[in-house]
Every structure is written in structure tokens, then in C-alpha cells.
Asks: 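Please read through the structure below; I'll follow up with questions.
First listed ligand is number 1; within each ligand, the first listed atom is number 1. For clarity, every value in this text was computed on a predicted model and none was experimentally measured.
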Amino acid sequence: MEQDLSISDYKHLVRPEDYKKIVFFTGAGMSAESGVPTYRGKGGTWEKYNWEKYACQEAFDRNPDKVMDFHEVRRKSVLECSPHAGHEMIANLALKKKSEVRIVTQNIDGMHQRAGSKDVIELHGSLWKLRCPVHGVIEDIGHVFTARKCGKCDNRLRPDIVWFGDSLNREVIEEGVGAIATCDLFISIGTSGVVWPAAGFPEVAKKNGARCIEINPEPSAMSAMYETTIQGTAGKVLPILFVP
Ligand code: OAD
């Protein structure tokens with residue numbers, strides 16, 4: 001049965017102890033109320049910046065400093081934002097241990113971790129990691145990149161983010177799909193559902209019999225996959241969705 005819920009209907013809709021494993025599947029809308037812009041639509045990152053100039057390997061090969069400068073601007077703006085009540089609710093639910101909680105996110109902003117979540121699968125990489133083609137990935141937290149070249153081999157470091165045209169990390173995808181295929185409650189928050197393979201993840205959950213709930217103020221490309229869609233924002237819905 002499909003349900004389309006308005007704000008008065010979803011308070012205490014979910015009893016966490018009814019589920020063994022809960023997956024929160026998040027996209028840019030999850031961080032919107034923290035002040036981090038989404039990608040698509042009015043005021044979105046890809047409206048303001050042409051990804052062909054800032055978010056693909058070709059752009060980095062052409063002008064690495066321009067691409068690194070763009071990512072420093074993004075780091076600065078994310079550092080000026082803070083996790084909201086929705087991020088905190090997810091982190092607290094994991095601490096209560098009534099169910100196993102996993103987060104599978106398309107976000108690179110690290111906001112779930114800043115709210116205290118530990119088990120975060122980052123499908124599209126992280127704004128807080130750099131990658132050397134020879135020596136692999138290093139953490140690098142702060143507004144300005146600590147270095148733009150590898151200290152061991154002098155190669156250029158690039159953000160460890162899945163840019164347009166990049167392949168996703170196979171192990172990370174397998175971990176995400178594995179978590180989703182074994183969950184009994186799948187809650188999608190703030191994704192337009194147009195970027196693959198992540199857009200196919202609701203189907204994985206549904207096929208395996210999980211209860212599927214979507215939280216988004218607008219219909220997404222994948223709304224039809226969900227038995228319940230809640231038209232609301234992450235910061236308003238998440239703090240009251242679960243029975244305390
Ligand atoms: P999009 O920008 O495509 O979609 C954001 C979604 O969030 C839309 O469906 C909005 O309706 C919804 N939204 C907005 N405000 C919200 C709020 N307060 N609460 C809940 N939902 C809200 O972002 P993604 O779907 O995450 O990839 O985009 C997927 C990928 O495309 C990103 O990871 C990024 C981008 O190119 C890379 O950079 C690799």
C-alpha cells in the first residue's frame with residue numbers, strides 16, 4: 001500500500017525496535033538545512049559552477065590549481081555550516097542500539113560524522129580526503145589543503161571525490177549494496193534519484209523486502225519505489241519520525 005504523508009501523519013511513525021537493521025540513504029538535501037547547497041535546481045552547485053571546469057579529471061589535468069581552489073571554497077563553506085537536528089537524530093539512534101544503523105551517503109561533506117555518526121559509507125568520496133595516484137588516500141581536514149603535492153613522490157594530489165566520468169570505488173559500492181540488501185528499514189533522505197548507481201539502491205532495498213520510506217519536500221525520480229513518501233525536510237521530519 002502506498003502512503004503519501006503530510007506532517008501531522010508521520011510523528012512517531014516508526015518504532016526502531018521493530019527493525020533489526022536500518023539504513024539511512026542520504027543525498028544533498030540532508031545537508032540543505034545546515035546551509036550546504038544541493039547540486040540541482042535553483043541555487044544548486046551545478047547551476048553556479050560548470051562541472052566541466054571544476055569537477056572532472058580533464059579539468060584537473062588542464063588546470064589543477066583552479067580545481068583545487070574550487071574545492072577549498074567548498075571546504076570553507078561547509079566548515080561554516082553545522083549538522084542539524086536530523087543528523088543528530090540519526091547519530092543518537094545508532095547510540096541507543098535498538099537496531100543496527102548504517103548510513104549510506106552520496107554526500108562528501110562529512111556532516112554525518114560531525115554529528116557523531118561512525119558507520120558512514122561514502123559512495124562519492126569525501127571533501128576531507130586527498131588522493132595520490134601512487135600512494136593512495138590521506139585525510140586532510142581544514143579549509144586550506146595541507147599540500148597540493150604528495151610528500152613522498154611529488155605527484156599532484158586530487159580530492160578523493162567521485163567526479164563526473166570517474167568510476168566509483170568498487171569496494172565502497174559493494175559495502176553499500178551489502179548493507180542495503182540486508183536491511184529491513186530503508187529511509188531515503190534528500191536525493192533527487194538521478195545519479196547512478198545510487199539511484200538504483202531503493203530497488204535493492206525493496207527487492208529484499210525492506211520497508212522503504214522517502215523524505216523529501218519534492219517528489220524525486222525514484223518516489224514510485226517507496227511505500228511511504230513524506231513531503232517534508234530532513235531537519236523537521238527526522239527528529240519526530242521515531243518513537244522515542
Ligand atoms: P540533488 O541536488 O540532485 O538533489 C537534492 C534533493 O534534495 C532534491 O530532491 C531536493 O528536493 C531535496 N531537498 C532539498 N532540500 C531538502 C531538505 N531540507 N530535506 C530533504 N530533502 C531536501 O542531490 P543528490 O541527489 O544528492 O555527486 O545528487 C546526487 C549526486 O549528484 C551528488 O552526490 C553529486 C551530484 O553530482 C558528485 O558530486 C559525485
Asks: Using a strict threshold of under 4.0 Å (side-chain N to carboxylate O), is an ion pair present between Asp119 and Arg102?
Replies: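 Judged by the 4.0 Å cut-off on N to carboxylate O distance, Arg102 and Asp119 do form a salt bridge.
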
Asks: Go through the structure and list residues passing salt bridge (charged side-chain N to carboxylate O under 4.0 Å, His left out) with Arg15, not counting sequence neighbours.
Replies: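 Testing Arg15 for salt bridge (charged side-chain N to carboxylate O under 4.0 Å, His left out), a comparison that skips the adjacent residues, returns Asp18.
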
Asks: Quick one: which residue pairs count as a salt bridge (Lys or Arg N to Asp or Glu O under 4.0 Å) with a foot in residues 131-151, not counting sequence neighbours?
Replies: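 Applying salt bridge (Lys or Arg N to Asp or Glu O under 4.0 Å) to every pair that reaches into residues 131-151, excluding sequence neighbours, yields Asp65-Arg148, Asp69-Arg148, Glu72-Arg148, Arg75-Asp140, Arg131-Asp160.
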
Asks: Please verify the inter-ring angle class for Trp51 with Phe164; under 30° counts as parallel, over 60° as perpendicular, anything in between as tilted.
Replies: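 Parallel.
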
Asks: Report all protein residues having a heavy-atom distance below 4.0 Å to some atom of ligand 1; order the list by chain, then number.
Replies: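 Residues Gly27, Ala28, Gly29, Ala32, Glu33, Thr38, Tyr39, Arg40, Trp46, Gln106, His124, Val162, Phe164, Gly190, Thr191, Ser192, Val195, Asn216, Pro217, Glu218, Thr233, Ala234 each place a heavy atom under 4.0 Å from ligand 1, listed by chain and number.
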
Asks: Does CD belonging to Gln57 count more than 12 external heavy atoms closer than 6.0 Å?
Replies: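 Atom CD in Gln57 is packed in, count exceeds 12.
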
Asks: Can you list the residues that meet the ring pair (Phe, Tyr, Trp, His ring centres under 6.0 Å) rule with Tyr39, with sequence neighbours excluded?
Replies: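 Applying ring pair (Phe, Tyr, Trp, His ring centres under 6.0 Å) to Tyr39 gives Trp46.
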
